[in-house]
Amino acid sequence: MKKVVALLLLLCMNPVFAESVSQAEADKAKWKKECGSCHVAFPPRLLAAESWQSLMENLNKHFGSNAELPAKDTQQILAYLKRQAGGKGLYSASTLRISDTPWFKREHGVIAAKEWTHAEVKSRSNCESCHGATVLED
Ligand code: HEC
Ligand code: HEC
């Protein structure tokens with residue numbers, strides 16, 4: 001009897017599990033497509049959940065751009081970002097920029113001021129100019 005119950009449980013739970021996995025993959029794919037079109041898709045782990053939340057609530061005023069999305073897409077992307085987000089403190093920034101977090105400043109302390117303004121870099125947000133696009137894959 002125990003075996004039958006276990007088997008039934010297994011049969012019932014598997015589709016649920018499969019569904020949540022494919023939902024998570026769908027969320028990630030949506031993020032990659034929508035948030036990687038103007039710049040690299042910045043790694044979710046480099047910003048705290050609270051910051052991602054504020055950023056996603058203000059996509060119509062996004063660092064001087066309008067990056068607004070349908071509400072359903074916004075929710076889907078935010079769910080993914082929150083699951084992968086970094087911890088409060090080290091990954092929090094008043095301006096919502098990864099490049100303004102304590103983590104970023106510490107990690108990039110070795111870089112001289114003139115390197116940030118180098119013609120091929122121009123902006124701290126231009127991660128791929130120094131790292132290449134693949135280094136930032138999550
Ligand atoms: C319409 C173009 C566009 C789209 C789409 C877009 N962004 Fe941006 N994003 C920008 C611009 C422009 C900046 C400012 C870049 C700079 O200062 O050099 C920026 C900056 C950022 C930054 C700050 C980078 C730093 O310096 O740390 C984050 C984080 C960010 N975007 C996340 C997102 C997310 C998440 C999405 C998807 C929901 C998204 N962006 C979609 C245009 C866009
Ligand atoms: C001017 C060049 C430059 C820019 C622009 C830059 N970085 Fe870096 N980054 C470095 C250097 C140099 C280091 C420290 C050396 C190292 O550990 O690779 C570093 C370290 C890192 C690290 C830790 C080490 C690693 O490779 O995992 C991460 C993650 C990172 N940067 C992400 C980013 C992100 C995200 C952005 C954009 C928001 C960015 N960087 C912009 C040069 C840059």
Side-chain angles (χ1 to χ4, degrees):
M1 186 61 192
K2 252 188 187 160
K3 246 189 190 164
V4 175
V5 171
L7 199 70
L8 277 175
L9 261 177
L10 212 75
L11 285 172
C12 292
M13 280 168 73
N14 258 349
V16 175
F17 179 67
E19 197 188 318
S20 69
V21 168
S22 63
Q23 183 58 50
E25 276 169 9
D27 294 350
K28 183 175 181 180
K30 176 79 68 185
W31 159 75
K32 192 110 196 169
K33 176 170 173 271
E34 301 295 348
C35 304
S37 58
C38 295
H39 44 64
V40 284
F42 297 113
R45 68 188 155 86
L46 297 183
L47 208 55
E50 292 77 7
S51 306
W52 285 126
Q53 172 110 32
S54 312
L55 185 141
M56 294 303 289
E57 280 169 3
N58 295 289
L59 282 179
N60 59 335
K61 292 186 238 80
H62 182 74
F63 307 97
S65 281
N66 185 349
E68 199 167 15
L69 290 168
K72 192 168 166 283
D73 293 353
T74 306
Q75 283 312 315
Q76 210 182 335
I77 292 170
L78 182 58
Y80 169 69
L81 291 170
K82 279 182 154 176
R83 273 199 298 274
Q84 306 290 326
K88 228 175 172 169
L90 205 51
Y91 297 101
S92 299
S94 51
T95 64
L96 304 181
R97 282 181 182 271
I98 291 169
S99 54
D100 280 340
T101 61
W103 168 82
F104 188 94
K105 288 175 184 163
R106 187 191 67 192
E107 203 66 51
H108 296 84
V110 294
I111 298 173
K114 69 170 188 331
E115 291 178 68
W116 291 121
T117 52
H118 189 280
E120 277 171 28
V121 179
K122 289 198 193 89
S123 163
R124 281 167 200 260
S125 316
N126 196 3
C127 323
E128 65 271 36
S129 64
C130 298
H131 290 284
T134 50
V135 179
L136 299 170
E137 289 285 318
D138 230 282

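Since the structure is predicted, the reported quantities are computational estimates derived from the model, not experimental observations. In each ligand, atom 1 is the first atom listed, and ligand 1 is the first ligand listed.
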If you define the side chain from C-beta out and look only at heavy atoms, does anything of E68 sit under 4.5 Å from H62?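 No. Closest side-chain heavy atoms not under 4.5 Å.
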
Compare all side-chain heavy atoms of D100 with those of R124 and state whether any distance is below 4.5 angstrom.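 SC-SC contact between D100 and R124 ruled out.
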
Would you check whether H108 has a nitrogen or oxygen atom less than 3.5 angstrom from a nitrogen or oxygen atom of ligand 2?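 Looking only at distances, the answer is yes, because the N/O contact criterion of under 3.5 Å is met.
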
Give yes or no for whether the N/O distance cutoff of 3.5 Å, strictly under, is met between W103 and ligand 2.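 Min N/O separation from ligand 2 is not below 3.5 Å for W103.
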
Backbone, side chain, both or neither: what part of H118 comes under 4.0 angstrom of ligand 2, heavy atoms only?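 Within the 4.0 Å criterion, H118 makes no contact with ligand 2.
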
With a heavy-atom distance limit of 4.0 Å, tell me whether L46 approaches ligand 2 through its side chain, its backbone, both, or neither.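 Looking at L46 and ligand 2, just side chain atoms fall under 4.0 Å.
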
Can you figure out which of S125, C127, C130 has its heavy atom closest to atom 34 (C) of ligand 2?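 When every heavy atom of S125, C127, C130 is considered, C127 comes closest to atom 34 (C) of ligand 2.
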
My understanding is that we take every heavy atom of each candidate and find the minimum distance to atom 30 (C) of ligand 2. Doing that for R106, H131, E120, K122, which one comes out nearest?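 Closest candidate by heavy-atom distance is H131.
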
Which bit of [X] gets closer than 4.0 Å to ligand 1, counting heavy atoms only: side chain, backbone, both or neither?
X: L55; answer: side chain
X: C35; answer: both
X: S37; answer: side chain
X: W31; answer: neither

Report yes or no: does a heavy atom of S65 sit under 4.0 Å from some atom of ligand 1?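 Contact present.
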
Show which atoms of ligand 1 fall inside a sub-4.0 Å distance from at least one heavy-atom site of [X].
X: A67; answer: 4 (C), 5 (C), 6 (C)
X: M56; answer: 38 (C)
X: S123; answer: 16 (C), 17 (O), 18 (O)
X: I98; answer: 25 (C), 27 (O)

If you round to 10 degrees, what value do you get for the angle at atom 8 (Fe) of ligand 1 between H39 atom NE2 and H62 atom NE2?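 With atom 8 (Fe) of ligand 1 as the vertex, the angle is close to 180°.
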
Exam field: side chain [X] to backbone [Y], donor-acceptor pair closer than 3.5 Å:
X: S123; Y: S125; result: yes
X: W52; Y: L47; result: yes
X: W103; Y: L46; result: no

Can you confirm, on distance only, whether ligand 1 has an N/O atom lying under 3.5 Å from any N/O atom belonging to S99?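 Indeed, backbone or side chain, S99 has an N or O that close.
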
Geometric N/O contact R97 with ligand 1, under 3.5 angstrom: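 R97 vs ligand 1: N/O contact under 3.5 Å present.
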
Quick test: of every protein heavy atom, which one is nearest to atom 28 (C) of ligand 1, and how far off is it to 0.1 Å?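 Checking every protein heavy atom, the shortest distance to atom 28 (C) of ligand 1 gives F42 CD1, 3.5 Å.
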
Residue and atom name of the nearest protein heavy atom (relative to atom 23 (C) of ligand 1), distance in Å to one decimal: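 Answer, as residue, atom name and distance: F63 CZ, 3.7 Å.
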
Any N/O/S atom from C38 (main chain or side chain) under 2.8 Å of atom 8 (Fe) of ligand 1?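 C38 does not place any N, O or S atom closer than 2.8 Å to atom 8 (Fe) of ligand 1.
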
